[in-house]
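These notes are about the structure you will find just below.
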Amino acid sequence: MKQLFLVLIFTVLPHITVGAGDWCYQSQFSCSAQCSSPSNWIKISAKCGEKKQSPINIVTRKTVYDSKLNSFTFENYDSSNTVIIKNNGHTVQVDLAANITISGGRLEGKYKALQLHLHWGTDAGPGSEHTVDGEQYPMELHIVHIKRNYTDITQALTDPTGVAVLGFMYEEAAQDNIKYKPLIDALLKVQDKGTDSTIPNMKLTDLILTKENLANYFRYEGSLTTPSCDQAVVWTLFEKTIPLSKAQLSAFSQKLFFKTNKTMRGTFRPVQPLHGRTVYRSGSSVTFVSTTVLSVSVICALGLSSWLH
Ligand SMILES: *[C@@H]1O[C@H](CO)[C@@H](O)[C@H](O)[C@H]1NC(C)=O
Ligand SMILES: *[C@@H]1O[C@H](CO)[C@@H](O)[C@H](O)[C@H]1NC(C)=O
Ligand SMILES: *[C@@H]1O[C@H](CO)[C@@H](O)[C@H](O)[C@H]1NC(C)=O
Ligand SMILES: [Zn+2]
């Protein structure tokens with residue numbers, strides 16, 4: 001019986017795992033989908049199986065404080081521009097002007113913006129790519145930048161620090177975040193793969209955290225979270241979350257489609273092994289605020305962590 005079962009597996013398996021066609025997220029995969037799900041991305045690009053992959057789970061207790069992780073300088077993040085938003089079949093993306101730049105934050109010089117996009121779940125359920133102490137947030141924003149001297153992403157991907165992504169997590173709030181109305185309203189105009197539209201007067205400062213909340217972040221070396229998974233990304237993940245209402249978070253999985261009648265949801269890659277990498281953190285050593293966590297850090301700082309076990 002066992003042998004018969006194995007024979008069955010080995011005859012059936014090749015047909016479902018031969019990474020035919022494009023890559024897809026686990027949420028899209030089915031035996032008839034003819035696409036490679038995350039565990040098979042390695043067949044599309046061998047880099048997806050290398051040792052500095054993203055996303056990762058950040059274990060805050062194991063992060064290392066780095067006093068050189070100072071604040072960022074954001075250039076033109078507050079300038080209002082008409083931007084193009086599109087559904088590329090994997091996510092919703094907004095193209096950004098190259099005069100939007102970031103520097104500081106221990107980056108090597110200036111990086112210019114290329115685009116932003118998001119990763120989400122189903123109806124405000126778990127959907128972020130990075131997780132923090134095992135918690136998966138409902139959505140994650142990625143603002144993608146490349147080193148200023150490169151002309152395009154292809155060039156930047158040849159440099160281990162060619163790309164800088166700023167990642168922001170979302171959290172469900174009771175009220176709508178009115179700053180997100182233009183972006184969320186625009187989703188209805190890009191429901192299908194390959195469609196695009198414009199958003200007049202969009203400002204990045206409306207989409208990210210307020211200034212005082214940008215000081216605390218995590219830093220590590222990783223990769224693109226979609227094939228070809230190039231290990232060229234300096235990751236920055238901000239600790240504070242951006243509030244959106246349940247309806248606003250749900251809009252992404254309800255209004256967008258991977259393709260006709262396939263709702264775009266679960267657009268995240270599972271977390272990848274750290275393989276010995278260190279995750280650094282900015283700010284003081286007591287940044288994980290919440291009374292309970294704070295007292296735990298104090299106990300740990302006093303070397304009494306064994307009390308907790
Ligand atoms: C930045 O570049 C965009 C697109 O090229 C342009 O429309 C905009 O006016 C520029 N903004 C500034 C502040 O120079
Ligand atoms: C871009 O700058 C980096 C250093 O920041 C350098 O290593 C690289 O060779 C430069 N590339 C080009 C194409 O100028
Ligand atoms: C999509 O769904 C609608 C409503 O459920 C249905 O009428 C339509 O035939 C479907 N289209 C395709 C291409 O499956
Ligand atoms: Zn992303």
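For ligands, and for the atoms within them, numbers begin at 1 and follow the listed sequence. Since this is a predicted model, take the numbers as computed values, not measurements.
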> Which protein non-hydrogen atom lies closest to atom 13 (C) of ligand 1, naming both residue and atom, and how far is it?
Replying inline: Asn76 OD1, 3.6 Å
>> Assess whether a salt bridge exists between Asp66 and Arg106, defined as any Lys/Arg side-chain N lying under 4.0 Å from an Asp/Glu carboxylate O.
In response: yes
> Among His117, Gln115, Gln93, Lys193, whose side-chain hydrogen bond (donor to acceptor under 3.5 Å, both in side chains) with Asn88 holds?
Replying inline: Gln93
>> Under the criterion side chain to side chain contact (heavy atoms under 4.5 Å, CB included), I'd like the reasoning laid out for Leu204 against Ile100: C-alpha separation, chi angles, the key distance, then a yes or no.
In response: CA-CA 9 Å; Leu204 285 177; Ile100 297 173; 3.7 Å; yes
>> If I consider every N, O or S atom in His142, which one ends up closest to the Zn ion (ligand 4)? I only need its name.
In response: ND1
>> I'd like to know whether CD of Gln175 has more than 12 heavy-atom contacts from other residues, nucleotides or ligands below 6.0 angstrom.
In response: no
> Which protein non-hydrogen atom lies closest to atom 9 (O) of ligand 2, naming both residue and atom, and how far is it?
Replying inline: Tyr150 OH, 4.7 Å
> Of all the non-hydrogen atoms in the protein, which one sits nearest to atom 4 (C) of ligand 2, and at what distance?
Replying inline: Lys147 NZ, 4.1 Å
> So does Glu75 pair up with Lys110, basic N to acidic O under 4.0 Å?
Replying inline: yes
>> Considering non-hydrogen atoms of the protein only, which is the closest contact for atom 1 (C) of ligand 2, and what is the distance?
In response: Asn149 ND2, 1.6 Å
>> Here's a test for you: under ring pair (Phe, Tyr, Trp, His ring centres under 6.0 Å), which of Phe238, Trp235, Phe168 qualifies with His130?
In response: Trp235
> Please state which protein non-hydrogen atom is closest to atom 2 (O) of ligand 1 and give its distance, to 0.1 Å?
Replying inline: Asn99 ND2, 2.4 Å
> For atom 5 (O) of ligand 1, what's the nearest protein heavy atom and its distance?
Replying inline: Ala97 CB, 4.7 Å
> For atom 11 (N) of ligand 1, is the nearest protein heavy atom closer than 4.0 Å?
Replying inline: yes
> What's the shortest distance from atom 7 (O) of ligand 1 to any protein heavy atom, and which residue and atom give it?
Replying inline: Asn81 OD1, 4.1 Å
> Can Glu221 and Lys52 be counted as an ion pair, charged N to O under 4.0 angstrom?
Replying inline: yes
> What angle sits at the Zn ion (ligand 4) between NE2 of His119 and NE2 of His117, to 10°?
Replying inline: 110°
